[in-house]
Amino acid sequence: MFRTFYREVKKLLNCEDRYIRESEFADLSTTIAFKIAKEKKENPQKVAEELVSEIEFERSTYIGSVEVVNGYINFFVNEEFLSDTVERILDEDENYGSLNLGGEVLIEHTSANPDGPIHIGHLRNAIIGDTLARMMEKAGIKVTTHYYVNDMGRQIAAAVLGYLKYGLRETKPDHAVAEVYVKINKDIEEHPELEKEVDELMLKFEEGDEEVSKSFKFVVDKALEGIRETLAKFDIHHDDFIYESDFVRNGYVERIFKMLEEKGLLEKDDVWKVDLKDYGIEKEVIMRRENGTTLYITRDLAYHLWKNENFRRFINVLGADHKLYSEQLSKILELLDLKPPEVLFFEFVSLPEGSMSTRKGKFVSADELLEKTFEEAKRILRERGSVDEKIAKVVAVGAIRYDFVRVSPEKPFTFDWSKALDFERQTASYIQYSHARSCSILRKAVESGKAELEFDPAIITNKERELVMRLSKFSFYLEKAINELKPSIFAEYLMSVANAFNDFYTDHQVLVDDKKVRMHRLAIVDATRIVLRNGLELLGIEAPERM
RNA sequence: GGGCCCGUAGCCUAGCUAGGAUAAGGCGGCAGCCUCCUAAGCUGCAGAUCGCGGGUUCAAAUCCCGCCGGGCCCGCCA
C-alpha cells in the first residue's frame, strides 16, 4: 500500500528516489526544493511553494494533503489510504505483503565444510541466507537454495584420515567427525610426515579409487547428517546439496580447463595457473597442483559454469574472508564470458577471546547455542509459572534467529553469552509477545460474541494512525531488503510494528462498549496480528498465539 | 607492507549507497504505571566531542583526503 502512495508522490514530483524520504514530520517528505534552489540560486522555501502550487495532488488516489515547511515538501495520506490498508490486510490475510517481482534465483548459503558441526559463524550465514530466500519467495521470485558441499578438499581428507585412524564415536555424527578432525590435526602438527597420507587420500579420491571414495562419502555424509539436523531445528532447509566432487566426475572441471585454454588464460610451469595481474589482482590463481589434483576454485568455477547454464540469477552468501577469493572467481568467470555471482558478504562472528577455528576445536556450535538458549527460555517461563516446552523452543529459536538477522551483515559480530541469553526487548520475543497479545484480544472478542471488524478512518487517533501507517509499509520494506540484499532492514521494520502496536495497546482499550470504536479497533488489532505473523514467518520465526 | 570491512552515550544497534528539519531505538542506571483486553508491556529522567584531524558546502554522522584503533584477506587451504 505504501508503495502505491510512494509511487504517486514520485510521479507527481517527477524526481529520483534519492529526494524522497520517510520523515517524522510527514508520511513522505522531499528535499528536491533544496536541489532546485541551489541550481537556480533561489530560496528553497520559495521554490518549494512554487512547486506545490503547480502540482495537482487532488487528482491522486491516496495523497490527502501537502505542506511546505522550511523548504521541505511534506505529503500526507488521505483517509481512503488508511481504510484501504486495513481492508486489504484483512482481505489478503496470509498473502498480505506479497509482491510479484517475478523471475527466479538460486541462493547458495551455509555451505560449511563437512568436517564438524556448524558453529555460530556458519549460523550467521545460514540465517541470513534462509531469511533472504524466504523474502524473495514472498516477493514472487522463484527461489532454489543450494548447500555446496566441499567433499574433496584437504580438510576433508584430513578428517577422513582421522576417521580411518581412530574411528567415530557414537554421538551426534557431526560432532563425532569434529573430534577426529581436531585430533588428526594435532597429530599432523606433531608428525608432519602424516601430510603425505593426506595427499595420497586426496589423489586417490580425485582418481576415483573405490575404497577411498567410500570413506570420503561416509565421513562427509556423517557430518552432513548432523548439520542437517541442526539446521532443521532452526527451520532452515535446502532444496539441494551439491557435491563439489560431482563436477570433477561429470566433466565440468574439464570443460573449465578447455575454456581457459581456448582463451589463452592457462599458464603451466610446475602447476597450472591463471595470472590476473592485468586486472589488478596480484595473486596468481592456481588451478591444478603438480600432482594433477584440482583446487577449490577449479571446482567452484565448474559449479558456476553449471549455475550459468541453469539460472539467470544466482546469489552466494559468503563470509568476508572470501572476498579476495570471490574477486578472483568473478574475474575468471568474466574472462570466460560467464556471469559472475551476486555476493552477499557478512563479516566474521568471533568470540571475545578471538576468532573461531573448527580445526583447533575452538568454536561455539549452533547446537550448544540453541541448547543454552532453550534452557534460559525454560527458566524464564518457569518464573512466569509456565512449563510449556514448545513455547520455550519457539522463543529460543526466535531469539537466535532475530539476533543474527537484525544486525547489518557488514558489521563484525562478537559473540557474547550474556547478550545472547538476554530476552529483554529488541528481540524476537518482543514481537512474538505483541502477536500473542493481539491474538488474546481477538480471542476475548470472539468469546464475548462481539468480534465484528469495521475500520473507520473518521475516528482514528494519532497512535492508531501511526500503527496503520507502519502496517502499510510491509512490502515497501520487503522490497528494500531484497534490493539491498539486507534482510536486517526488514527485521528492523517488524520490530517497529510491534513497537507501534504496544504504544497503541497501552493507550487504547479495544474491547469497549461503544460498538463503533470497538469494531474499528478490532479491525486494527486483527490487521496488526496478520502483519506480525506474516513478518515473523519471513524471518523464519514462529508466532505463538499464547505465551 | 598491500587490499577490503567496521568505529555513533557504560554496552548493543539504526541512520551513511542518494548531504538538509531537535542524531533514533534497545540494554544497563534512576523515578514511576497492573481492582481494566497478557507488565516478555508502557511513561519520565540521566547519559553522544557521531574514533581523531583537515577539506568541500548555505548545510556533513552522511561526500573527499590524511591519521588512529579493531577485524578479515594476501596458501599448490577452503
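Here is the naming used below: chain letters follow the sequence lines, and residue numbers restart at 1 for every chain.
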Rounding to an integer number of angstrom, what distance separates rU49(B) and rC33(B) when you compare their C1' atoms?
37 Å
rC12(B) versus rG47(B) - spacing of their C1' atoms, nearest Å
15 Å
Closest non-hydrogen contact found for Arg470(A) with Ala500(A) is CG-CB, 3.8 Å
Roughly how many Å apart are rC50(B) and rG19(B), using the C1' atom of each and rounding to a whole number?
15 Å
Any chance the rings of Phe474(A) and Phe490(A) have centres within less than 6.0 Å?
yes
Honestly, is Arg437(A) close enough over Tyr505(A), meaning NZ or CZ under 6.0 Å from the six-membered ring centre and within 45° of the axis?
yes
Find the runs of at least 3 consecutive base pairs, i with j, i+1 with j-1 and so on, that include RNA chain B, using Watson-Crick or G-U wobble geometry with both distances under 3.5 Å.
B:1-7 with B:68-74, B:10-13 with B:24-27, B:29-33 with B:41-45, B:51-55 with B:63-67
Is the ring centre of Phe413(A) less than 6.0 Å from the ring centre of Phe404(A)?
yes
Roughly how many Å apart are rC73(B) and rC67(B), using the P atom of each and rounding to a whole number?
23 Å
To the nearest angstrom, how far is Tyr430(A) atom OH from rA39(B) atom P?
13 Å
Could you tell me the separation between the CD1 atom of Ile431(A) and the P atom of rG41(B), rounded to a whole number of Å?
12 Å
Does rC33(B) sit syn or anti, given that only angles within 90° of 0 count as syn?
anti
Atom-pair distance (CG on Leu276(A); P on rG3(B)), nearest Å
18 Å
Between Phe75(A) and Ala26(A), what is the shortest heavy-atom contact and its length?
O-CB, 3.7 Å
With a 4.5 Å limit on heavy-atom distance, are the side chains of Ile188(A) and Glu195(A) in contact?
yes
Contact summary for Arg124(A) and Ser408(A), nearest pair of heavy atoms:
NH2-O, 3.1 Å
With sugar-phosphate meaning primed atoms plus P, OP1 and OP2, does Leu522(A) contact a base, only sugar-phosphate, or nothing at under 4.0 Å between heavy atoms?
nothing
Checking Lys323(A) against Phe345(A): charged group under 6.0 Å from the ring centre and within 45 degrees of the axis?
yes
Any donor-acceptor N/O pair, Arg288(A) side chain to Thr294(A) backbone, under 3.5 Å:
no
Closest-nucleotide mapping onto RNA chain B: is Asp422(A) or Lys463(A) further toward the 5' terminus? I mean the 5' end.
Asp422(A)
Could you run through nucleotides 15-25 of chain B and give me one letter per nucleotide, 5' to 3': B if any protein heavy atom sits under 4.0 Å from the base, S if only the sugar-phosphate is that close, - if neither?
--BBSBBB--B
For Asp278(A), check side-chain hydrogen bond (donor to acceptor under 3.5 Å, both in side chains) against everything at least two apart and list the hits.
none
Pick the C1' atom in rC42(B) and in rG25(B), then give their distance to the nearest Å.
15 Å
Which of rA40(B), rC12(B), rC42(B) is nearest the side chain of Asn502(A)? It is rC42(B)
Would Phe34(A) and Tyr72(A) count as a close aromatic pair, with their ring centres under 6.0 Å?
yes
Is it true that a side-chain atom of His304(A) and a backbone atom of Leu333(A) form a donor plus acceptor pair closer than 3.5 Å?
no
To the nearest Å, give me how far apart CG (Asp388(A)) and C1' (rA40(B)) are.
15 Å
Between Glu424(A) (CD) and rG41(B) (C1'), how many Å, whole number?
10 Å
Encode nucleotides 68-78 of chain B as B, S and - characters from 5' to 3', where the letter depends on protein heavy atoms closer than 4.0 Å: B to the base, S only to sugar-phosphate, - to neither.
----SSSSBBB
Would you say the rings of Tyr303(A) and Phe247(A) are close, in the sense that their centroids are separated by under 6.0 Å?
yes
Could you check whether Tyr296(A) and Tyr325(A) have their ring centres less than 6.0 Å apart?
yes
P spacing across the pair rC16(B) / rG3(B), given as an integer number of angstrom:
27 Å
Taking the nucleotide of RNA chain B with the nearest heavy atom to each, does His508(A) or Val407(A) sit closer to the 5' end?
Val407(A)
Can you tell me how far C1' in rC72(B) sits from the matching atom in rG32(B), rounded to whole Å?
47 Å
Ignoring hydrogens and angles, tell me if any N or O in the side chain of Thr528(A) forms a donor-acceptor pair with the backbone of Ile524(A) under 3.5 Å.
yes
Quick one: does any side-chain atom of Ser330(A) pair with a main-chain N or O of Glu327(A) as donor and acceptor, under 3.5 Å?
no
Would you find a donor on one side and an acceptor on the other, under 3.5 Å apart, between the side chain of His119(A) and the backbone of Gly121(A)?
yes
Between rA46(B) and rG2(B) - P atom distance, rounded Å
47 Å
Pair Thr461(A), His508(A): side-chain N/O donor-acceptor within cut-off below 3.5 Å:
yes
Need one value for His435(A): base, sugar-phosphate or nothing, where a base atom within 4.0 Å counts as base even if backbone is also close, heavy atoms only.
nothing
Do any of residues 442-450 of chain A sit with a heavy atom less than 4.0 Å from RNA chain B, and if so which?
Lys444(A)
Would you kindly give the CD-to-C1' distance between Glu42(A) and rC58(B), to the nearest whole Å?
15 Å
Sequence-aligned protein contact record of nucleotides 30-35 of chain B, with B where the base is within under 4.0 Å of a protein heavy atom and S where only the sugar-phosphate is
------
